[in-house]
Amino acid sequence: MNVRRRSSAAALAAIAVIGAATAPAVAADPSPSSSPSESAPSGLYGSTDPQYDGVWRQSLALLAQDTAGVVPSPKAVKWLTDQQCANGSFGPFRADPAKACDAKTMVDTNSTAAAVQALWAVGGHGDVVEGALGWLKSVQNKDGGWGYSPGTPSDANSTSVVIGALTATETNPEDVRKGGKSPYDALLTFALPCAKDKGAGAFAFQPDKDGKLLPNADATAAGVLGSLGKGLVTEAGSGAKAKAATCSDADGPTREQAAANGAAHLADALAEDGHLVSALGGSADQPDYGNTADAVVALAAQGGADRAAEPLAWLEKNAAKWAAESGPAAYAQLILAAHATGTDPRAFGGTDLVEKLNATGPAPQGTTAKDTATASDADEAEKKDDDSPFGVWWFVGVCLVFGIGVGFLLSNRNKKQQP
């Protein structure tokens with residue numbers, strides 16, 4: 001997913017992914033957006049300028065709503081599909097979707113991969129998804145990975161968010177190769193050794209100007225998810241599949257061990273304060289809410305919800321004000337963190353994240369049967385100690401909304417075609 005989710009220019013690196021989902025660093029709105037302004041494009045979540053993050057934040061919003069049993073407004077979904085270029089790609093924002101994309105249109109892998117995950121989740125847009133996947137495959141680098149913009153060097157975040165798009169659509173990343181290399185091959189080149197003076201198991205974003213790989217918390221959270229083959233939306237790991245989060249260089253880096261190493265690095269970084277920090281322009285360290293949310297998702301996906309308990313508790317206590325100031329992408333990140341840990345996003349430190357997110361865009365079409373029951377029968381359910389699992393709500397909801405023809409959402413590609 002954090003606020004992520006990078007462009008061909010360095011200026012975009014601070015505000016664009018990659019959501020997720022993502023999860024790459026997500027770009028959240030820099031000012032409050034409790035309701036869209038009159039000047040905001042119809043159907044878009046948030047009221048701030050979408051120039052750099054429109055598609056990213058829209059995709060995160062739709063994914064977060066889907067995890068919470070919310071059926072999004074058709075207007076919101078159409079806004080996203082209208083952003084696609086004829087070649088299948090997406091960019092951060094197209095002010096005039098009726099105008100054909102040309103060589104000057106900025107498109108990128110992060111926006112495209114996030115849109116794929118969102119549109120696959122809501123269903124009914126198989127042609128859009130297939131076109132986007134085709135474009136992503138066409139711009140894969142020879143090392144097996146992806147950079148933010150076509151033709152730029154691969155980086156850990158972009159490669160990871162594309163892996164998420166592939167696995168979300170039941171495409172095996174191992175089978176998507178360029179020059180004999182898979183995305184996992186590329187991702188492992190950014191994994192650092194366990195020695196503290198060599199990176200302590202973190203992932204680097206990409207080599208710096210001197211060719212060195214430096215630890216990066218955002219890239220590490222993304223790298224953990226990518227190594228696990230997870231997208232912006234993920235469940236908590238458990239049982240035998242949850243490898244101990246201890247750093248080891250024995251026998252070379254497998255992707256499972258790279259994920260464990262990255263999780264160990266994040267756990268160490270979170271141990272002191274329960275949150276990650278960031279400093280921009282030489283300013284004092286500040287809590288990094290977005291990357292902390294990404295770290296929660298990564299830790300839960302790699303080793304289970306318990307391993308993310310401390311930073312999750314910190315977010316529940318401290319993140320409401322940040323989300324209110326930052327807008328829909330921030331609310332979405334917190335919802336995705338709640339989903340990954342099995343936490344109720346409607347009672348997140350006293351805040352109903354779902355209600356807050358919904359208020360930043362067009363009114364949802366409705367809720368799934370599961371979500372409605374959860375909301376309306378909460379008191380009764382508590383009395384009965386009913387802790388029914390939250391993870392299957394979306395399947396029922398999509399069936400109800402889109403009909404039997406697309407009911408079996410995850411069984412094969414065809415069920416994602418237009419009804």
Side-chain angles (χ1 to χ4, degrees), residues 5-8 17-18 20-22 24 54-56 58-59 62-63 77-94 97 99-155 157-187 226 229 231-232 406 409-419:
R5 325 156 116 36
R6 298 160 219 102
S7 79
S8 56
V17 180
I18 305 158
T22 6
V55 165
W56 182 263
Q58 191 81 349
S59 298
L62 295 178
L63 282 168
V77 179
K78 185 177 186 299
W79 185 93
L80 183 57
T81 59
D82 284 350
Q83 290 290 306
Q84 188 176 40
C85 294
N87 66 358
S89 65
F90 286 79
F93 175 63
R94 293 171 59 202
K99 182 180 179 181
C101 298
D102 57 26
K104 295 182 180 180
T105 304
M106 293 182 62
V107 296
D108 65 86
T109 61
N110 289 226
S111 298
T112 304
V116 164
Q117 295 181 60
L119 294 172
W120 177 269
V122 301
H125 298 280
D127 54 341
V128 180
V129 169
E130 292 295 338
L133 287 174
W135 181 80
L136 287 169
K137 293 174 183 178
S138 75
V139 298
Q140 185 178 17
N141 290 332
K142 290 183 179 180
D143 63 2
W146 286 267
Y148 181 89
S149 301
T152 60
S154 299
D155 66 74
N157 297 63
S158 299
T159 301
S160 294
V161 74
V162 176
I163 288 175
L166 294 173
T167 57
T169 55
E170 300 178 355
T171 304
N172 185 355
E174 288 282 9
D175 297 333
V176 180
R177 293 177 171 267
K178 192 72 170 285
K181 300 288 188 179
S182 78
Y184 293 132
D185 293 323
L187 190 56
L232 296 170
V406 291
L409 181 61
L410 298 179
S411 64
N412 56 51
R413 286 273 173 91
N414 291 333
K415 58 197 156 192
K416 281 291 182 175
Q417 303 301 317
Q418 287 281 5

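- Between the Q84 side chain and the V128 main chain, a donor and an acceptor come within less than 3.5 Å of each other.
- The CG atom of L119 sits 11.5 Å away from atom OG1 of T169, with the distance rounded to the nearest 0.5 Å.
- With hydrogens and angles disregarded, a donor-acceptor distance shorter than 3.5 Å links the side chain of N172 to the backbone of E174.
- With 3.5 Å as the limit, one finds a donor-acceptor pair spanning the side chains of N110 and S158.
- Across every non-hydrogen atom of G91 and V55, the tightest pair is O-CG2, 3.0 Å.
- In this structure, T109 contributes its side chain and G147 its backbone to a donor-acceptor pair below 3.5 Å.
- Nearest heavy atom pair, residue S138 against residue K178, reads O-NZ, 4.3 Å.
- In this structure, K137 and V176 approach most closely via the heavy-atom pair CG-CG1, 4.0 Å.
- Looking only at distances, a side-chain donor or acceptor of T159 sits under 3.5 Å from a matching main-chain atom of W146.
- Scanning both residues, D185 and G180, for their nearest heavy atoms gives OD2-O, 4.3 Å.
- At a threshold of 4.5 Å between non-hydrogen side-chain atoms, the residues S182 and P173 do not count as touching.
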Check against side chain to side chain contact (heavy atoms under 4.5 Å, CB included), K99 and T105
CA-CA 10 Å; K99 182 180 179 181; T105 304; over 6 Å; no

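- Here the side chains of V107 and C85 are in contact, with some heavy-atom distance below 4.5 Å.
- No donor-acceptor pair under 3.5 Å is formed between the side chain of D82 and the backbone N or O of W79.
- Using modelled atom types, no side-chain atom of N157 and backbone atom of S160 make a donor-acceptor pair closer than 3.5 Å.
- Considering CG of D175 and CG of L166, their distance stands at 10.0 Å, rounded to 0.5 Å.
- Looking at Q83, its side chain does come within 3.5 Å of a backbone N or O of R94 through a donor-acceptor pair.
- Between atom NZ of residue K181 and atom OG of residue S154 there is a gap of 12.0 Å, rounded to the nearest 0.5 Å.
- One distance of note links CE of M106 with OG of S89; it measures 12.0 Å at 0.5 Å rounding.
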Check against side chain to side chain contact (heavy atoms under 4.5 Å, CB included), F90 and L80:
CA-CA 9 Å; F90 286 79; L80 183 57; 4.3 Å; yes

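- Checking side-chain atoms of T112 against main-chain N and O of D108 turns up a donor-acceptor pair under 3.5 Å.
- Smallest separation of non-hydrogen atoms from S59 and A118: O-CB, 3.6 Å.
- In this structure a side-chain-to-backbone donor-acceptor pair under 3.5 Å is missing from R177 to G144.
- In this structure, L136 CG and I163 CD1 are separated by 12.0 Å, a value rounded to the nearest 0.5 Å.
- A donor-acceptor contact shorter than 3.5 Å links the side chain of N141 to the backbone of T152.
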